[in-house]
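Remember, it's a predicted structure, so these values are computed and weren't measured experimentally.
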Amino acid sequence: RHSLSKLTYEFFSHILLVKLFRREKTSVSMYVRGVIHFIRASVRWSRTEAVVSFATQATTKTALGIVVLYGGWRIIHGEMTLGLFTAIALYLGQLSGVFQDLAKMAGHVTQSGVSWERMYAVLQTPRVQGVISRVQCSAGEIVAQEMAFGYGAQRRIFDGVSMKIPAGTFLALTGASGCGKTTFFNIVMVLYPLEKGALLIDGHDISRVNPDVFYRNVGMVTQEPYLWDDTVEYNIRFGKPDASDEEIRFAASVACADSFIQALPKGYQTVVGENACRLSEGQKQRIAIARAVIRSPRLLLFDEALSSVDQEIEARILDNLK
């Protein structure tokens with residue numbers, strides 16, 4: 001059921017792609033195959049559940065019938081009173097209900113076992129063990145010392161990386177797709193643990209910096225400009241919940257977004273829609289930049305955040321940031 005729902009969501013969320021490549025019939029066929037697969041799985045599950053239920057009830061009813069026959073024989077021969085037999089029959093009836101509930105529970109436990117295995121694997125994923133301390137960062141100097149990281153033993157992304165990025169400077173990381181640029185940003189944001197080496201922020205190991213202070217001084221714009229299905233103002237204010245209207249306008253002007261926001265039907269109160277469907281990709285990126293800038297961060301990370309912006313706007317944004 002979950003796979004079928006996911007497939008349906010993907011088809012409708014990528015409807016433009018389906019139309020552009022004329023894949024309507026193929027998409028419908030894939031959906032129909034998914035429905036058939038779901039029906040077959042449901043029939044197999046229902047068949048198994050029916051067999052288990054029948055076997056459980058047959059066993060309990062047979063046992064109860066044997067007890068009734070034996071008890072009746074004992075009553076006929078005067079070896080048991082009717083009251084005692086009635087009490088025993090009632091207790092056995094209650095006990096048979098317990099056995100049937102246990103049989104149903106076993107089926108549900110088996111069904112839930114698959115989800116539990118996946119959840120357990122997620123819970124066992126190593127976390128970055130940050131230490132809440134008084135160590136703070138305020139300048140933004142980054143020093144990498146022989147860093148090594150990989151997604152498992154077979155996927156080493158980089159090894160022995162050393163660099164120094166002085167505070168107040170601009171640095172561009174370039175390289176082929178998949179070389180580790182986004183991974184480096186995620187390590188700076190303390191999302192991934194290093195295998196070897198160290199990453200220092202203002203001379204302190206980044207894992208020992210006070211996380212509250214660190215994240216207040218960092219702004220990041222990701223490759224995908226994730227926006228909420230809410231107003232433009234809310235999406236910018238998400239970077240700083242207590243920001244004033246003037247701060248929001250200033251951050252938008254730095255990102256060269258104020259002019260097009262003012263031209264929207266309701267200005268800053270315009271709802272952008274699901275996945276910001278009412279905005280262009282370049283407009284999404286500029287709102288995401290404003291969301292990061294409003295924090296006035298000492299460390300600003302752009303992960304291909306200007307890829308959908310024309311060169312003139314890009315140059316103006318970089319000038320504003322400087």
Side-chain angles (χ1 to χ4, degrees), residues 122 125-133 135-227 238-239 254-255 281 284-309 314 317-318 320-322:
V122 172
T125 303
R127 297 183 301 165
V128 179
Q129 298 296 329
V131 179
I132 299 178
S133 64
V135 177
Q136 301 186 5
C137 64
S138 57
E141 180 187 73
I142 298 176
V143 176
Q145 298 177 342
E146 298 294 326
M147 291 196 314
F149 177 82
Y151 298 99
Q154 304 300 322
R155 292 189 59 196
R156 178 55 61 88
I157 303 301
F158 47 72
D159 194 0
V161 173
S162 297
M163 68 175 74
K164 181 178 180 179
I165 307 176
T169 61
F170 287 76
L171 177 71
L173 298 179
T174 63
S177 178
C179 70
K181 300 185 295 294
T182 300
T183 299
F184 176 77
F185 284 153
N186 288 332
I187 290 175
V188 173
M189 295 298 292
V190 203
L191 299 179
Y192 295 163
L194 284 173
E195 294 180 2
K196 293 188 299 184
L199 185 67
L200 307 181
I201 180 80
D202 292 341
H204 304 287
D205 191 306
I206 200 166
S207 64
R208 299 191 62 85
V209 173
N210 187 314
D212 293 331
V213 177
F214 174 72
Y215 285 111
R216 281 202 303 268
N217 285 277
V218 177
M220 182 170 178
V221 185
T222 58
Q223 287 181 329
E224 179 68 24
Y226 300 105
L227 298 180
F238 190 80
V254 171
E281 291 300 319
K284 294 179 189 178
Q285 286 190 332
R286 282 184 274 175
I287 290 178
I289 293 171
R291 180 176 57 195
V293 168
I294 200 171
R295 302 168 66 90
S296 298
R298 300 297 303 169
L299 184 62
L300 192 58
L301 306 177
F302 276 25
D303 190 1
E304 298 188 23
L306 298 171
S307 58
S308 298
V309 177
E314 178 180 347
I317 292 175
L318 293 177
N320 291 341
L321 292 175
K322 293 178 182 179

Over all atoms of both residues, closest heavy-atom pair of [X] and [Y]:
{"X": "Ala292", "Y": "Val221", "value": "CB-CG2, 3.7 Å"}
{"X": "Tyr215", "Y": "Met189", "value": "OH-O, 2.6 Å"}
{"X": "Phe214", "Y": "Val188", "value": "CZ-O, 3.2 Å"}
{"X": "Lys181", "Y": "Ala176", "value": "NZ-O, 3.3 Å"}
{"X": "Gly219", "Y": "Pro297", "value": "N-CB, 3.4 Å"}
{"X": "Arg295", "Y": "Arg216", "value": "NH2-CA, 3.5 Å"}

Check: [Y] and [X] side chains under 4.5 Å, non-hydrogen atoms:
{"X": "Ser162", "Y": "Met147", "result": "no"}
{"X": "Thr183", "Y": "Phe158", "result": "yes"}
{"X": "Arg291", "Y": "Ile289", "result": "no"}
{"X": "Ile201", "Y": "Ile142", "result": "yes"}
{"X": "Leu199", "Y": "Asp205", "result": "no"}
{"X": "Leu300", "Y": "Met220", "result": "no"}

Distance in Å, [X] [atom1] paired with [Y] [atom2], rounded so as to fall on 0.5 Å steps:
{"X": "Lys164", "Y": "Gln145", "atom1": "NZ", "atom2": "CD", "value": "11.0 Å"}
{"X": "Leu306", "Y": "Leu318", "atom1": "CG", "atom2": "CG", "value": "5.5 Å"}
{"X": "Phe302", "Y": "Ile317", "atom1": "CZ", "atom2": "CD1", "value": "7.0 Å"}
{"X": "Leu321", "Y": "Phe170", "atom1": "CG", "atom2": "CZ", "value": "6.0 Å"}
{"X": "Leu299", "Y": "Ile165", "atom1": "CG", "atom2": "CD1", "value": "8.0 Å"}
{"X": "Thr222", "Y": "Asp303", "atom1": "OG1", "atom2": "CG", "value": "7.0 Å"}

Do side-chain atoms of [X] reach the backbone of [Y] as a donor and acceptor pair under 3.5 angstrom?
{"X": "Glu141", "Y": "Ala167", "answer": "no"}
{"X": "Asn186", "Y": "Tyr192", "answer": "no"}
{"X": "Glu195", "Y": "Gly150", "answer": "yes"}
{"X": "Arg298", "Y": "Asn217", "answer": "no"}

Item to check | Ion pair Lys284/Glu224, N-O distance below 4.0 Å | outcome: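 Salt bridge flag = no for Glu224 with Lys284.
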